[in-house]
Amino acid sequence: VDNSAKFYRGYQDRLQQMKLIEEENERTKAALEIKSQFLSTVSHELRTPLTSIIGSLELVNNGVLGEMPQNFKPVIDMATKNSRRLANLIDDLLDLQKIEAGEIDFQMEPICSNDLAREAIDSISGYASMLGISLELHVCKDECQIMGDRKRLIQVMNNLLSNALKFSKDDDAVKVFVENVGSRVRISVEDKGAGIPDFAEERVFGKFSQLDSSDVRRVGGTGLGLNISKQIVESHNAEIGYVSALGVGSTFHVDFERLEVMDRDEANVENMS
Ligand code: ADP
């Protein structure tokens with residue numbers, strides 16, 4: 001009788017514990033749901049008026065409303081720069097939110113890695129020449145197709161390139177390499193910039209991680225870019241990493257599984273039996 005009473009009490013305790021855990025899980029789930037809704041509402045409510053502010057400033061800047069008095073220019077430039085910064089932050093927050101909620105529908109298609117790198121470089125070349133930094137592309141001579149979402153991978157490349165530019169010195173070159181490494185295609189972005197200290201390794205891909213003081217930066221950032229990039233890359237079953245030395249520079253790479261393209265002869269053979 002004693003034993004069965006003990007067993008029964010143990011059983012009751014376990015049930016109680018399980019109930020508490022379940023309640024806790026429900027509360028966490030509800031809190032996460034509220035957080036995610038809050039973030040997306042706030043972001044949208046901020047993003048829409050901001051787009052209109054940026055548009056209005058552009059109208060003033062482009063002289064569409066008539067010639068702007070010269071002494072207005074620094075103020076308008078400052079307002080434009082800061083509203084763009086805010087827009088970038090909101091876009092990053094929205095992206096992060098979507099990725100973490102599993103709401104991004106990746107549009108996978110075969111992509112030539114050389115084309116991907118070329119497209120990303122083209123889209124950022126204006127910014128690079130403004131900074132006086134040259135961009136070099138070293139293409140892969142062999143097959144280098146991968147499966148991926150073109151738009152999202154361009155976003156990753158843009159992030160790596162804009163970081164490389166941001167942390168480079170004037171007249172430096174930023175190089176992009178596309179190469180086959182075993183069964184993988186590696187795209188890397190090399191700069192001769194500030195470099196990343198060893199202690200920061202854990203933090204580089206974290207959220208809101210900025211390692212430097214803002215006075216050495218050319219342009220502000222959100223500290224979310226690499227976190228978003230890592231999540232996008234990992235959704236492609238690929239890997240992102242870097243090697244870096246302080247004062248020497250950094251090379252970030254993304255390794256994708258290469259898409260085996262069928263041999264032309266093999267592809268033409270139809271099995272008639
Ligand atoms: P941010 O918006 O600040 O660029 P990221 O997530 O892209 O955010 O990068 C996080 C931090 O990692 C940067 O603030 C910077 O300190 C460091 N970092 C990233 N790329 C480089 C690079 N190419 N050279 C030096 N530091 C870098």
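Residue numbers count from 1 along this sequence. Counting starts at 1 for both ligands and their atoms, in listed order.
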So if I count the atoms of ligand 1 from 1 in the order they appear, which ones are less than 4.0 Å from some heavy atom of [X]?
X      : result
Lys166 : 1 (P), 2 (O), 4 (O)
Gly195 : 25 (C)
Leu224 : 6 (O), 8 (O)

What part of [X], side chain, backbone, both or neither, has a heavy atom within less than 4.0 angstrom of ligand 1?
X      : answer
Ile196 : side chain
Phe252 : side chain
Ala194 : neither
Asn159 : side chain

Parallel, tilted or perpendicular, as decided by the 30° and 60° cut-offs, for the rings of Phe205 and Phe252: perpendicular
Interatomic distance, CG@Asp115 vs CZ@Arg150, rounded to 0.5 Å, equals 6.5 Å
Measure across Val185 and Ser113 and return the closest heavy-atom pair with its distance rounded to 0.1 Å. CG1-OG, 3.4 Å
Quick one: does Leu226 get an N or O within less than 3.5 Å of an N or O on ligand 1? yes
Does the N or O separation between Asn163 and ligand 1 drop below 3.5 Å for any pair? yes
Report the member of Ser168, Gly206, Gly223, Ser244 with the shortest heavy-atom distance to atom 8 (O) of ligand 1. Gly223
Answer whether the closest heavy-atom distance between the side chains of His236 and Met108 falls below 4.5 Å. yes
